[in-house]
Amino acid sequence: QVQLVESAGGLVQAGGSLRLSCAASGLTFSSYTMGWFRQAPGKERDFVAAISWRGGTTYYADSVKGRFTISRDNAKKTVYLQMNSLEPEDTAVYFCAAGPERRTVVPLDRLAYTFWGQGTQVTVSS
């Protein structure tokens, strides 16, 4: 079956950096759009970043643009989220997700994503 396993998050001070990874199995990883979403307590799960199946197109939420970078290694079946200049507002559970296969358009809506990881907690202290 499909599994998406995020790396451990952690506690980091404001201004610090953290890199998340998500290892996939049970699917043809290189065919899937991959995305990162996050959910803070009492809030909805929001889009953070996404990358096309070939890696040539990326999208970011305005709140993380210029600070976060999504990338993928299809040989390792892994997607990454490099997070720099972290702010307390970035505190949330972060989820990776696998979306449509072989699509030119990268969806930002979580409903377009089929498979999800279990989530990993990222806490940014002020």
Side-chain angles (χ1 to χ4, degrees):
Q1 72 276 24
V2 176
Q3 282 192 312
L4 300 177
V5 181
E6 295 101 341
S7 59
L11 173 64
V12 63
Q13 287 190 330
S17 297
L18 195 62
R19 188 174 85 151
L20 302 179
S21 63
C22 172
S25 61
L27 77 171
T28 306
F29 178 80
S30 59
S31 295
Y32 282 81
T33 299
M34 296 298 296
W36 286 96
F37 293 76
R38 66 186 182 187
Q39 188 167 17
K43 295 189 176 181
E44 292 191 349
R45 191 170 298 187
D46 292 331
F47 170 79
V48 175
I51 186 166
S52 61
W53 61 291
R54 288 179 171 173
T57 302
T58 56
Y59 285 100
Y60 298 91
D62 288 343
S63 59
V64 307
K65 205 171 291 183
R67 300 188 298 122
F68 290 12
T69 303
I70 188 171
S71 61
R72 66 190 297 160
D73 185 334
N74 285 345
K76 294 183 178 179
K77 299 183 180 181
T78 301
V79 62
Y80 304 95
L81 186 67
Q82 177 68 45
M83 303 184 292
N84 299 329
S85 302
L86 282 161
E87 303 168 353
E89 294 72 23
D90 296 317
T91 295
V93 177
Y94 283 72
F95 298 87
C96 72
E101 293 183 73
R102 298 179 179 268
R103 288 265 295 271
T104 303
V105 176
V106 175
L108 311 186
D109 187 342
R110 67 180 185 272
L111 297 178
Y113 289 79
T114 306
F115 304 109
W116 292 84
Q118 80 285 357
T120 188
Q121 177 70 47
V122 173
T123 303
V124 184
S125 63
S126 56

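For reference, positions follow the sequence shown, starting with 1. Side chains are part of it too, since the values below use all heavy atoms of this structure and drop only hydrogens, waters and symmetry mates.
- Closest non-hydrogen pair, Arg45 versus Arg110, comes out as O-NH1, 3.4 Å.
- Phe47 belongs to a hydrophobic cluster whose remaining members, ordered by chain and number, are Phe37, Tyr59, Val93, Phe95, Val106, Leu108, Tyr113, Trp116; membership requires side-chain heavy atoms of ILVMFWY residues under 4.5 Å apart, directly or through intermediates.
- Taking all atoms of both residues into account, the shortest heavy-atom contact from Asp90 to Ser85 is OD2-O, 4.4 Å.
- Rounding to the nearest 0.5 angstrom, the gap separating the SG atom in Cys96 from the CD atom in Gln118 is 7.5 Å.
- With sequence neighbours left out, Gln3 forms a side chain to side chain donor-acceptor pair (under 3.5 Å) with no residue at all.
- A pairwise comparison of heavy atoms in Ala92 and Ala40 identifies CB-N, 3.9 Å as the closest pair.
- Its side chain outside the 4.5 Å cluster rule for every partner, Trp53 clusters with none of the Ile, Leu, Val, Met, Phe, Trp and Tyr residues.
- Judged purely by atom type and a 3.5 angstrom limit, Thr123 has no side-chain atom pairing as donor or acceptor with the backbone of Leu11.
- Rounded to the nearest 0.5 Å, atoms CZ (Arg102) and OG1 (Thr28) are 8.0 Å apart.
- Applying the side-chain contact (heavy atoms from CB on, under 4.5 Å) rule to Arg54 yields no partners; only residues at least two apart in sequence or on another chain are considered.
- Summarising the hydrophobic clusters (Ile, Leu, Val, Met, Phe, Trp, Tyr; side-chain heavy atoms under 4.5 Å, direct or chained), the residues clustered with Ile70 are Val2, Leu4, Val12, Leu18, Leu20, Leu27, Phe29, Tyr32, Met34, Trp36, Val48, Ile51, Tyr60, Val64, Phe68, Val79, Leu81, Met83, Leu86, Tyr94, Phe115, Val122, Val124.
- Residue Lys43 qualifies as open at atom NZ: its count of foreign heavy atoms under 6.0 Å is 12 or below.
- Of all heavy-atom pairs spanning Ala50 and Pro107, the tightest one is CB-O, 4.3 Å.
- Between Lys76 and Ser21 there is no side-chain heavy-atom pair separated by less than 4.5 Å.
- Annotation for Ser126 and Ala14: closest pair CA-CB, 4.3 Å, computed over non-hydrogen atoms.
- To the nearest 0.5 Å, atom CZ of residue Arg72 and atom OG1 of residue Thr33 are 7.0 Å apart.
- Side chains of Gln121 and Thr91 form a contact here, defined as non-hydrogen atoms less than 4.5 Å apart.
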Worked verdict on Ser25 versus Lys77 for side chain to side chain contact (heavy atoms under 4.5 Å, CB included): CA-CA 7 Å; Ser25 61; Lys77 299 183 180 181; 6.0 Å; no
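- Note: Glu6 CD to Cys22 SG = 5.0 Å, rounded to the nearest 0.5 Å.
- With a 4.5 Å cut-off between side-chain heavy atoms of Ile, Leu, Val, Met, Phe, Trp and Tyr, the cluster of Val105 takes in none.
- In this structure, the separation between CD on Glu87 and CZ on Arg67 is 4.0 Å, given to the nearest 0.5 Å.
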